[in-house]
S.K.: 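Okay, here's the structure, questions in a sec.
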Amino acid sequence: MSESVKSLLAKYGIKPKKTLGQSFLINGSIAEEIVIAAHLSIDDTVLEIGGGLGTLTRRIVPRVRKIYVIEKEKTLAIALRDLLGESENLEVIEGDALDVRLPAANKVVANLPYSISSPITFRLLDELRFESAVLMYQKEFAERLLSPAGSRDYSRLTIEVTYRAHVERVRNVQAKEFYPVPKVDSTVVRMTPRTSGSFALDDTVFHWLIRGIYSYPNKQIRKALKIWFRNLRYDDETSEKLIKRCQGGLSGNERLRELSLDELVTLSDSVFETIEDGMLRDPRSNPK
Ligand code: SAM
């Protein structure tokens, strides 16, 4: 397995496909850094998504109890088994990481195919009970996860991910560290599910609110609520009452983008109480 990515691609007759995000990491010391950032131990069960030619896999195998690798492309799944077949703790799952049943794992490590960044992140956060995930994303996507309230990149994605997990930058990776060289740079982050800080009284209400108001991140909160209540088919008079009731401790003039996660949780709890009082439709009985 000391062969280079290029010679392995030739050996297995693989032409990298852009549609599958097939740019392979060629810098071994960066691969090592990524694996070290995962703080692996011999008791760990790791899930890797998109094993490719095993650049990360072969560094993870000797460090952990068990590793599952999901790889969508058949030829790469065969190559992985061929290259690392002697490793009894490795199981290659050939399939789409968005569809296959996720095996139980306490850590995740992946150089993700960027086209599935968003759905796979939510799938991991919602379906897998993991302690930490070290994930490589397209740089711009990672910046959205890392951006503070008020900044240009702070978005619905930032809120929905940081509500569930703490995200920190491990390092940036230039495009030239991959073969074929992609058009974009990358960033590795560590994601740790959040267990402290503020949580909404009801998660369904929180997500319903964020989905409802966050199409308009530059709008003042009062105006965003007004549009949302109109979309929910409340008349103007009721809508005004609901806005006053739901604003929590906010003045209403704040722009959505400036609201911190804590402030959005407070807003969500006011919405929750308004629902409990029977003034607002309950998304838990009809989420549409
Ligand atoms: N881990 C390797 C590395 O670091 O060089 C490969 C990373 S490459 C960016 C992404 C890998 O994900 C490719 O091997 C690709 O075939 C695989 N892939 C693409 N879409 C996938 C999906 N939906 N499910 C699982 N694997 C996928």
Side-chain angles (χ1 to χ4, degrees), residues 1-9 11-38 40 46-61 63-64 67-84 87 90-103 105 107-124 127-128 133-142 170-189:
M1 185 70 203
S2 55
E3 292 157 276
S4 71
V5 162
K6 272 189 205 173
S7 59
L8 286 173
L9 289 171
K11 178 174 169 182
Y12 292 101
I14 298 165
K15 286 214 170 74
K17 296 184 186 66
K18 272 196 193 146
T19 49
L20 288 178
Q22 288 173 350
S23 281
F24 302 93
L25 187 60
I26 49 174
N27 184 323
S29 61
I30 295 179
E32 195 64 27
E33 245 186 82
I34 292 171
V35 172
I36 287 170
L40 300 177
V46 172
L47 171 63
E48 187 190 348
I49 291 157
L53 289 160
T55 307
L56 296 179
T57 324
R58 72 188 159 100
R59 290 175 165 84
I60 300 171
V61 162
R63 291 170 150 106
V64 299
I67 166 168
Y68 296 96
V69 184
I70 305 176
E71 174 52 61
K72 187 170 177 179
E73 171 145 9
K74 191 183 184 71
T75 329
L76 283 170
I78 292 170
L80 273 172
R81 287 196 192 102
D82 186 41
L83 292 163
L84 291 152
S87 323
L90 167 70
E91 189 172 329
V92 179
I93 301 168
E94 186 194 322
D96 188 327
L98 296 178
D99 296 333
V100 296
R101 195 183 62 79
L102 294 181
K107 302 228 169 113
V108 184
V109 182
N111 284 352
L112 289 170
Y114 296 148
S115 59
I116 64 166
S117 295
S118 188
I120 195 62
T121 302
F122 286 109
R123 184 155 198 226
L124 293 173
E127 294 179 33
L128 193 74
V134 172
L135 304 169
M136 174 121 71
Y137 291 106
Q138 180 173 336
K139 187 163 183 286
E140 286 72 16
F141 187 91
V170 173
R171 62 163 294 151
N172 295 335
V173 184
Q174 290 184 339
K176 69 175 171 60
E177 310 294 358
F178 297 85
Y179 179 83
V181 180
K183 288 204 173 72
V184 292
D185 288 335
S186 298
T187 295
V188 182
V189 305

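Remember, it's 1-based here, ligands and their atoms both numbered in the order they're listed.
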S.K.: Restricting to ring pair (Phe, Tyr, Trp, His ring centres under 6.0 Å), what partner residues turn up for Tyr179, sequence neighbours left out?
M.R.: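 By the ring pair (Phe, Tyr, Trp, His ring centres under 6.0 Å) rule, Tyr179 matches no residue at all.
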S.K.: Under 3.5 Å, is there a donor-acceptor pair between the side chain of Glu71 and the main chain of Gly51?
M.R.: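 Judged by distance alone, yes, a pair lies under 3.5 Å.
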S.K.: Test of understanding: with side chain to side chain donor-acceptor pair (under 3.5 Å), list the residues that count as partners of Glu48, not counting sequence neighbours.
M.R.: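 In terms of side chain to side chain donor-acceptor pair (under 3.5 Å), with neighbours along the sequence ignored, Glu48 is linked to Thr57.
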S.K.: Going by salt bridge (Lys or Arg N to Asp or Glu O under 4.0 Å), name the residues that satisfy it together with Glu33, two or more places apart in sequence or in a different chain.
M.R.: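 Expected list: Arg171.
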S.K.: Show me the short polar-atom pairs for ligand 1: any N or O of it lying under 3.5 Å from a protein N or O, with distances only.
M.R.:
residue, atom, partner, partner atom, Å
ligand 1, 1 (N), Gly50, O, 2.9
ligand 1, 1 (N), Gly51, O, 3.4
ligand 1, 4 (O), Asn111, ND2, 2.5
ligand 1, 5 (O), Leu25, N, 2.9
ligand 1, 14 (O), Gly52, N, 3.3
ligand 1, 14 (O), Glu71, OE1, 2.8
ligand 1, 16 (O), Gln22, NE2, 2.9
ligand 1, 16 (O), Glu71, OE2, 2.6
ligand 1, 23 (N), Asp96, OD1, 2.9
ligand 1, 24 (N), Ala97, N, 2.9
ligand 1, 26 (N), Lys72, N, 3.3

S.K.: Let me know which of Val170, Ile60, Leu135, Val109 forms a side chain to side chain contact (heavy atoms under 4.5 Å, CB included) with Ile34.
M.R.: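 When Val170, Ile60, Leu135, Val109 are each tested with Ile34, the side chain to side chain contact (heavy atoms under 4.5 Å, CB included) holds only for Val109.
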S.K.: Between Ser186 (side chain) and Gln138 (backbone), is there a donor-acceptor pair under 3.5 Å?
M.R.: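 Between the backbone of Gln138 and the side chain of Ser186 there is no qualifying donor-acceptor contact (under 3.5 Å).
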